[in-house]
Amino acid sequence: LGALALIRPVPPGLRNQTLWEVEALALRSLGQPEAARRSVNEGLEAHPTSFRLWMERHHLDLITGHADAAREALDH
C-alpha cells in the first residue's frame with residue numbers, strides 16, 4: 001500500500017517506467033487484476049519497450065484466463 005500511496009499522486013504523464021511497473025505489481029498483489037491491467041496498459045502506452053510491463057501483462061492475462069492475449073504479450 002505504501003508504494004501506491006507514493007505513486008498515485010504522480011500524474012501519469014510524469015511517471016517513469018519503474019513507477020508504472022511498481023504500481024501494476026502492487027495492484028496485482030492486492031488482488032486487483034483489472035486495475036493492474038489498466039496500469040500496465042497505460043504504462044505500455046508511455047513505455048512500449050518495457051520488458052517488465054509486457055511480462056506483467058502476460059502474467060495478468062494468464063491468471064485471468066486470457067491465454068491468447070498472454071501469448072500475444074510474449075511477442076513484444
Side-chain angles (χ1 to χ4, degrees):
L1 285 176
L4 288 175
L6 293 172
I7 294 168
R8 287 293 172 103
V10 179
L14 298 178
R15 293 181 189 178
N16 64 23
Q17 179 177 322
T18 302
L19 292 179
W20 288 110
E21 294 165 355
V22 170
E23 180 182 56
L25 180 62
L27 290 167
R28 180 173 53 84
S29 296
L30 290 171
Q32 298 182 24
E34 292 309 314
R37 183 184 312 281
R38 285 191 299 275
S39 180
V40 165
N41 289 339
E42 287 184 55
L44 284 171
E45 286 179 27
H47 306 283
T49 60
S50 169
F51 176 78
R52 288 182 180 161
L53 286 172
W54 282 110
M55 288 297 95
E56 184 62 24
R57 179 175 161 194
H58 171 74
H59 187 76
L60 287 165
D61 289 336
L62 285 177
I63 63 174
T64 58
H66 298 101
D68 290 339
R71 281 190 290 278
E72 181 184 313
L74 290 178
D75 290 337
H76 289 277

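Numbering starts at 1 and runs along the sequence shown.
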Checklist entry - Is the shortest distance from a Lys or Arg side-chain nitrogen in Arg37 or Asp61 to a carboxylate oxygen in the other one below 4.0 Å? => result yes
Item to check | Pair Glu42 + Arg15, salt bridge at N-O below 4.0 Å | outcome: no
Checklist entry - Can you name the side-chain contact (heavy atoms from CB on, under 4.5 Å) partners of Glu45, sequence neighbours left out? => result none
Item to check | Test side-chain contact (heavy atoms from CB on, under 4.5 Å) applied to Ala46 - qualifying residues, sequence neighbours left out | outcome: Trp20
Taking all heavy atoms of [X] and all of [Y], pick out the closest pair and write down the distance.
{"X": "Leu4", "Y": "Pro9", "result": "O-CD, 4.3 Å"}
{"X": "Asn16", "Y": "His47", "result": "C-NE2, 3.6 Å"}
{"X": "Ser39", "Y": "Ala24", "result": "OG-N, 3.7 Å"}
{"X": "Thr64", "Y": "Leu60", "result": "OG1-O, 2.7 Å"}

Item to check | Residues clustered with Leu14, ILVMFWY side-chain links under 4.5 angstrom | outcome: Ile7, Val10, Leu19, Val22
Checklist entry - Which distance, rounded to the nearest 0.5 Å, do you find between the CG of Leu62 and the CZ of Arg57? => result 11.5 Å
Checklist outcome for this item: When rounded to the nearest 0.5 Å, the distance separating CD of Gln32 from CZ of Arg38 is 8.5 Å
Next on the checklist: Could you tell me if the side chain of Arg52 sits less than 4.5 Å from the side chain of Leu25, heavy atoms only?
Outcome noted: no
Item to check | Side chain to side chain, Arg28 and Ile63, heavy atoms closer than 4.5 Å | outcome: yes
